[in-house]
Amino acid sequence: APQLAGLTVEIWPGTQWAVPTFICICLFIGAMGKSAQVPLHVWLPDSMEGPTPISALIHAATMVTAGIFMVARMSPLFEMSETALAFVLFIG
């Protein structure tokens, strides 16, 4: 992670993003999609046609927890980017 601190990437022409910021925002959007947060929640009703205790348990125990674990595990990378931390704070 410290080797990525000074690197930048151009997502759109004329816009420079720090690599840790880009990585962290992409990771967080992936965690949002996995845990079915708004606006990435459209897949959830289709996957759980009949709400059962097992489907609720799988969603709560695996999907949400896996995203939280990933973001927590990547916290050293998130600490390198004020923009990504502000993005997580705003969404949270």
Side-chain angles (χ1 to χ4, degrees):
Q3 297 170 349
L4 299 175
L7 299 177
T8 61
V9 64
E10 188 171 337
I11 308 295
W12 292 286
T15 324
Q16 294 289 328
W17 285 59
V19 170
T21 300
F22 179 69
I23 291 171
C24 290
I25 289 177
C26 287
L27 285 172
F28 189 70
I29 289 173
M32 285 174 52
K34 187 169 183 61
S35 63
Q37 292 181 7
V38 174
L40 304 173
H41 67 288
V42 294
W43 63 268
L44 189 59
D46 295 334
S47 69
M48 297 184 186
E49 290 288 331
T52 64
I54 296 300
S55 62
L57 179 66
I58 288 172
H59 177 70
T62 341
M63 296 181 182
V64 176
T65 308
I68 293 170
F69 177 77
M70 189 250 329
V71 171
R73 184 79 173 157
M74 294 291 157
S75 64
L77 191 61
F78 275 86
E79 290 174 5
M80 296 175 63
S81 171
E82 291 290 325
T83 306
L85 289 175
F87 182 73
V88 172
L89 178 69
F90 178 75
I91 297 296

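Judged as a side-chain hydrogen bond (donor to acceptor under 3.5 Å, both in side chains), the pairs with a partner in residues 19-29 (not counting sequence neighbours) are, in order, Thr21-Ser81. Pairs engaging residues 68-92 under the ring-ring contact (aromatic ring centres under 6.0 Å, His included) rule: Phe28-Phe87 [sequence neighbours left out].
Between Ile25 atom CD1 and Trp17 atom CH2 the span is 4.5 Å, to the nearest 0.5 Å. Distance check, rounded to the nearest 0.5 Å: CD of Glu82 to SG of Cys24 gives 11.5 Å.
Remark: Leu89 engages no residue in a side chain to side chain contact (heavy atoms under 4.5 Å, CB included) (not counting sequence neighbours). In this view, Glu10 and Pro13, Gln16 satisfy the side chain to side chain contact (heavy atoms under 4.5 Å, CB included) rule, not counting sequence neighbours. Taking Leu4 as the reference, Leu7, Val19, Pro20, Ile23 meet the side chain to side chain contact (heavy atoms under 4.5 Å, CB included) condition, with sequence neighbours excluded.
Shown here for Met74 and Leu27, the closest heavy-atom pair between the two residues is CG-CD1, 4.0 Å.
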